[in-house]
2 protein chains.
Amino acid sequence: MSPKTRDADKRKAPLADTAPIFAALGDETRLGLVAHLATGDTFSIAQLTENTFVTRQAVTRHLEVLAQAGLVRGTRRGREHLWQFEPARLALAQRSLEQISSWWDEKLAALKEKVETEPDTK
Amino acid sequence: MSPKTRDADKRKAPLADTAPIFAALGDETRLGLVAHLATGDTFSIAQLTENTFVTRQAVTRHLEVLAQAGLVRGTRRGREHLWQFEPARLALAQRSLEQISSWWDEKLAALKEKVETEPDTK
DNA sequence: CGCACATGCAACAGCTTAGTTGCATAATTT
DNA sequence: AAATTATGCAACTAAGCTGTTGCATGTGCG
């Protein structure tokens with residue numbers, strides 16, 4: 001392996017942990033739930049179901065998946081289960097994407113540097 | 001539905017399109033492939049397989065999934081299939097997360113505003 | 001109490017995913 | 001030409017995901 005990629009590999013460890021977050025966001029219904037929860041305070045399962053095309057039971061499962069990924073948090077109040085957005089994990093996912101983008105930017109910069117340093121290569 | 005959330009709903013349409021991107025990134029092996037590809041130029045399937053824990057055939061499938069999501073692009077050169085990172089879709093995913101974050105920030109700002117406007121509510 | 005509402009739990013069907021192994025094919029190299 | 005390398009294609013398995021329906025449980029209210 002080239003020494004150039006080794007530094008990047010060291011920083012990849014935390015990146016792998018974010019895969020479950022992306023998996024949780026990788027469903028249209030769940031992504032919609034997260035988006036909806038981020039616009040408000042707390043919502044009951046019945047309220048959240050109104051904005052989807054699936055049954056209440058399906059929404060419950062999606063919320064459990066999101067909770068497993070740490071993207072939402074639920075609390076019981078009386079007879080209803082209230083859910084709210086949890087921003088920390090989403091921020092982590094954002095940082096992962098930024099990391100990948102930055103690697104790509106560095107790669108482009110290195111390529112440009114190389115071209116300008118050796119303009120008469122042929 | 002409250003008029004407050006309706007504006008947000010209008011902007012949710014493009015957000016739903018990003019779910020497949022997150023789904024593609026939601027696998028540890030695939031996320032690793034994307035990260036690796038973003039650090040360099042092009043890599044063959046055999047090269048990419050070295051950094052994974054699965055077989056070459058499995059890597060091929062993962063690359064096809066990533067290509068379907070528009071995150072990578074492959075071209076044939078001689079007997080090898082070279083793959084490279086495609087930054088556009090990842091940038092789109094980034095914007096989705098930023099959008100959700102911004103909704104959350106707006107919500108917090110609105111909450112704070114409300115508290116300061118009605119400090120003696122009890 | 002009795003009714004309505006909100007949710008939880010369980011079982012099932014259909015489909016998709018991730019991975020493997022085995023073999024075939026095409027391109028390089030010696 | 002023969003051996004090596006890189007990949008493609010196909011079949012198969014095991015497991016997981018998404019969604020449903022049906023029923024049970026708990027809570028609030030008149």
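Side-chain atoms are counted along with the backbone in the values below, which use heavy atoms only and exclude waters and symmetry mates. Letters A, B, ... mirror the listed sequences (proteins, then strands); counts begin at 1.
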Would you mind reading off the distance between [X] atom [atom1] and [N] atom [atom2], rounded to a whole angstrom?
X	N	atom1	atom2	result
B/L25	C/dT17	CG	C1'	16 Å
A/E28	D/dT18	CD	P	13 Å
B/Q68	C/dA18	CD	C1'	17 Å
A/I45	C/dC9	CD1	P	10 Å
A/L63	C/dC9	CG	P	14 Å
A/Q47	C/dC5	CD	P	15 Å
A/E64	C/dG8	CD	P	8 Å
A/W83	C/dT7	CH2	P	11 Å

Heavy-atom side-chain proximity of A/L82 to A/I45 below 4.5 angstrom
no
Got a list of protein N/O to nucleotides 19-21 of chain C N/O distances below 3.5 Å?
unit_1: C/dG19; atom_1: OP2; unit_2: B/H62; atom_2: NE2; d: 2.2
unit_1: C/dG19; atom_1: O6; unit_2: B/R61; atom_2: NH1; d: 3.0
unit_1: C/dT20; atom_1: OP2; unit_2: B/T55; atom_2: N; d: 2.9
unit_1: C/dT20; atom_1: OP2; unit_2: B/T55; atom_2: OG1; d: 2.6

For A/Q68, look at atom CD and say whether over 12 heavy atoms of other residues, nucleotides or ligands are found less than 6.0 Å away.
no
Does anything in residues 64-83 of chain A pair up under ring-ring contact (aromatic ring centres under 6.0 Å, His included), and if so which pairs, sequence neighbours excluded?
A/H81-A/W83
By salt bridge (Lys or Arg N to Asp or Glu O under 4.0 Å) - contacts of [X] (at least two apart):
X	answer
A/E28	none
B/R73	B/E86
A/R76	none

Please determine whether a side-chain nitrogen or oxygen atom of B/H81 lies at a distance below 4.0 Å from atom OP1 or OP2 of D/dA6.
no
Checking [X] now: which residues fulfil side chain to side chain donor-acceptor pair (under 3.5 Å) with it, not counting sequence neighbours?
X	value
B/T42	none
B/S101	A/Q94
B/T18	B/S96

Between protein and nucleotides 25-30 of chain C, what N or O pairs are separated by less than 3.5 Å?
unit_1: C/dT28; atom_1: O4'; unit_2: B/R79; atom_2: NH1; d: 3.3

